[in-house]
Amino acid sequence: MTSPTRLETDQLRRLEEMRKTFDRLRAERIRAEGEVERLARDLEEARALALSELGTDDEGQIQALIEDAQAKNAKRAEEFSLALREVEARLKQLGDER
């Protein structure tokens with residue numbers, strides 16, 4: 001049997017390096033597929049929760065609901081602030097009348 005030539009030795013070394021790269025990439029692919037499956041389950045759970053709590057799982061409709069709630073909160077906060085100022089003014093008037 002003849003000993004391998006330098007070209008054959010270099011090719012075997014390159015093949016071994018490529019095998020390591022292939023094995024690493026295969027492991028990364030398996031991890032990524034597992035992550036995709038987990039994220040898909042999480043997304044489905046989030047959609048089911050949104051549907052049960054908000055009546056929709058549509059992102060645009062949810063964003064509209066959020067914006068509407070924020071507008072209502074801002075209006076209520078302003079109304080509360082106005083009511084507090086009115087109470088404060090009345091109390092000051094009562095204090096001044098004494």
Side-chain angles (χ1 to χ4, degrees):
M1 189 163 148
T2 63
S3 63
T5 66
R6 179 181 166 113
L7 179 61
E8 291 171 332
T9 303
D10 287 347
Q11 288 175 342
L12 288 172
R13 184 178 40 76
R14 285 184 59 223
L15 282 173
E16 186 56 36
E17 289 172 5
M18 287 189 285
R19 176 185 300 278
K20 290 176 186 175
T21 301
F22 174 80
D23 289 343
R24 180 180 52 80
L25 291 173
R26 182 176 54 191
E28 286 179 23
R29 181 193 57 142
I30 291 168
R31 278 193 299 276
E33 287 172 350
E35 183 72 2
V36 166
E37 289 174 9
R38 183 187 64 77
L39 291 171
R41 284 191 309 271
D42 290 352
L43 178 60
E44 284 308 311
E45 289 173 11
R47 283 185 171 161
L49 181 62
L51 196 55
S52 71
E53 291 190 9
L54 303 172
T56 184
D57 64 354
D58 178 75
E59 289 181 46
Q61 289 177 345
I62 292 171
Q63 184 62 39
L65 290 171
I66 290 169
E67 290 169 2
D68 183 54
Q70 289 172 335
K72 286 179 182 175
N73 285 344
K75 181 181 177 199
R76 288 177 181 152
E78 184 56 37
E79 290 170 352
F80 183 66
S81 176
L82 178 62
L84 285 177
R85 287 193 302 268
E86 288 176 2
V87 168
E88 188 175 43
R90 287 182 192 160
L91 287 174
K92 186 174 188 299
Q93 261 183 341
L94 288 174
D96 290 344
E97 288 177 4
R98 287 184 167 186

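Values in this document were obtained by computation on a predicted structure and should not be read as measured data.
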Practice prompt. Check the surroundings of atom CD in E88: do more than 12 heavy atoms from other residues, nucleotides or ligands lie under 6.0 Å from it?
Written response: no
Item to complete: Please say whether more than 12 non-hydrogen atoms of neighbouring residues, nucleotides or ligands are located less than 6.0 Å from CZ in R24.
Response: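 Yes, the 6.0 Å shell around CZ holds more than 12 heavy atoms from other groups.
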Got a second to check how far [X]'s [atom1] is from [Y]'s [atom2], nearest 0.5 Å?
{"X": "N73", "Y": "D68", "atom1": "CG", "atom2": "CG", "answer": "9.5 Å"}
{"X": "L25", "Y": "I30", "atom1": "CG", "atom2": "CD1", "answer": "11.0 Å"}
{"X": "L51", "Y": "E44", "atom1": "CG", "atom2": "CD", "answer": "10.5 Å"}
{"X": "L15", "Y": "D10", "atom1": "CG", "atom2": "CG", "answer": "11.0 Å"}
{"X": "E8", "Y": "Q11", "atom1": "CD", "atom2": "CD", "answer": "7.0 Å"}
{"X": "I62", "Y": "R47", "atom1": "CD1", "atom2": "CZ", "answer": "9.5 Å"}

Does the pair [X]/[Y] count as a salt bridge with the N-to-O cut at 4.0 Å?
{"X": "D23", "Y": "K20", "value": "no"}
{"X": "D96", "Y": "K92", "value": "yes"}
{"X": "E33", "Y": "R26", "value": "no"}
{"X": "R38", "Y": "D42", "value": "yes"}

Item to complete: Show your working on salt bridge (charged side-chain N to carboxylate O under 4.0 Å, His left out) between R85 and E78 and close with a plain yes or no.
Response: CA-CA 11 Å; R85 287 193 302 268; E78 184 56 37; 3.6 Å; yes
Practice prompt. Please check if any side-chain donor atom of Q63 sits under 3.5 Å from a side-chain acceptor atom of E59, or the reverse.
Written response: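 Short answer, no.
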Worksheet item: Would you say the side chains of T9 and R13 form a donor-acceptor pair under 3.5 Å?
Response: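 The criterion, which ignores hydrogens and geometry beyond distance, is not satisfied for R13 and T9.
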Worksheet item: Looking only at heavy atoms, what is the nearest atom pair of T56 and L65, with distance?
Response: CG2-CD1, 4.3 Å
Discussion item. Please find the pair of heavy atoms, one from D57 and one from A50, that lie closest to each other, and give the distance.
Written reply: CA-CB, 4.3 Å
Discussion item. What verdict does the side-chain contact (heavy atoms from CB on, under 4.5 Å) test give for R31 and E35, after you've listed the backbone C-alpha separation in whole Å, the side-chain angles of each residue and the deciding distance to 0.1 Å?
Written reply: CA-CA 6 Å; R31 278 193 299 276; E35 183 72 2; over 6 Å; no
Discussion item. Would a single hydrophobic cluster contain both L54 and I66, if residues Ile, Leu, Val, Met, Phe, Trp and Tyr are joined by side-chain heavy-atom contacts under 4.5 Å?
Written reply: yes
